[in-house]
Amino acid sequence: MVNFRVNFVSQLLVGFTLAWLSISATACTPAPKIAATPAAAPATPRDLHWARASAEHRAIYLQTYRAAGDRLAHLSEGRAQGSWGVILDADETVLDNSEYQIGRIPFGGSFDSKGWATWVAEGRAPALPGAVAFTEHVHELGGKVVIVTNRDDAECPITRTNLEHVAIRADLVLCKTETDNKNPRFDAVQKGNAASGFPGIAVLEWLGDNIQDFPHLSQMIRNEPADAFAQFGRIYFALPNAMYGSWQSNPFR
């Protein structure tokens, strides 16, 4: 009986020893190298792809600015030089911010105020197709170019510099001070209290990519009869921006 117990204990100890040696050997063996699967790059949103790469985007901008220029030649006939002008929005109307949008792809395209402020501060947004030629045409006809933008007022100096760098000569740039509502600034341009030394002018055309770039209009007009859009193509000229805008709050249907 004693010999049996000794043999049993000995065998048990040998088993434990072999198991420990096996585990130690496994632990010391380097893990096989497995190639890491690279994370798939986020897909470019279709709206941004269209704005950056399509012939149609360029064609619509050129077409719209040419139509506005042709119409302006008629509207300005007989008006004294400097007594009239046009109002344009800045972003996605005369300045192209699609590069900023590219930087937001990894974040789902969401707006980021810090990133936007950095982009604006760089002052390198290029001009959109037709914008330079149109603003030059306004000056040739004797009118003034006014930019009314909802960029913050603190960003106005670099915005003016950016416009100058891309050869858009603005006679006045009005940024946001208290409200996104542009109507008080539209009125101030016409009444002559928009800026010191800038007399009131007759505004012959408005151009923008957002329905709110036009006097007293909002997304609600989308439900109105066609007559509500009667001024478009006459004194209002809309440009395409499927990347962002007040339309984003509209219910999808």
Should we say atom CD of E178 is surrounded by more than 12 heavy atoms from elsewhere, each under 6.0 Å from it?
no
Please check this pair: side chain of R234 against backbone of R71, looking for a donor-acceptor N/O pair closer than 3.5 Å.
no
When you look at NE2 of H49, are more than 12 heavy atoms from neighbouring residues, nucleotides or ligands closer to it than 6.0 Å?
no
W206 vs F186 aromatic rings, parallel, tilted or perpendicular, using cut-offs 30° and 60°?
perpendicular
Has D153 got a side-chain atom pairing as donor or acceptor with C175's backbone, closer than 3.5 angstrom?
no
K182 side chain vs V148 backbone, donor-acceptor pair below 3.5 Å:
yes
Side-chain heavy-atom pair E99, R124 within 4.5 angstrom cut-off:
yes
Where does the angle between the aromatic ring planes of F232 and Y236 fall among parallel (under 30°), tilted (30 to 60°) and perpendicular (over 60°)?
perpendicular
Are L128 and H57 packed together at the side-chain level, in the sense that at least one heavy-atom pair is separated by less than 4.5 angstrom?
yes
For the residue pair W119 and Y100, does the interplanar ring angle fall in the parallel (under 30°), tilted (30 to 60°) or perpendicular (over 60°) class?
tilted
To the nearest 0.5 Å, how far apart are CZ in R104 and CG in D112?
4.5 Å
Under 3.5 Å: donor-acceptor pair, side chain of N241, backbone of Y244
yes
How long is the span from the CZ atom in R151 to the CG atom in N162, to the nearest 0.5 Å?
6.0 Å
Examine distances only and state if a side-chain atom of H74 and a backbone atom of D70 form a donor-acceptor pair shorter than 3.5 Å.
no
Using 0.5 Å steps for rounding, measure from the CD atom of Q248 to the CD atom of Q219.
10.0 Å
Could you tell me whether Q81 atom CD has more than 12 heavy atoms of other residues or ligands within 6.0 Å of it?
no
Spell out, as yes or no, whether a donor-acceptor pair under 3.5 Å connects the side chain of N97 to the backbone of D91.
no
N/O donor-acceptor pair under 3.5 Å between D96 side chain and S98 backbone
yes
Side-chain donor-acceptor pair present, D209, T93, cut-off under 3.5 Å
yes
So, does R79 use its side chain to make a donor-acceptor pair with the main chain of S76 at under 3.5 Å?
no
With a 4.5 Å cut-off on side-chain heavy atoms, are Q190 and I87 touching?
no
Using a 3.5 Å distance criterion without hydrogens, assess whether the side chain of Y61 forms a donor-acceptor pair with backbone atoms of P240.
yes
For L48 and I105, which heavy atoms make the closest approach, and how far apart are they?
CD2-CD1, 3.8 Å
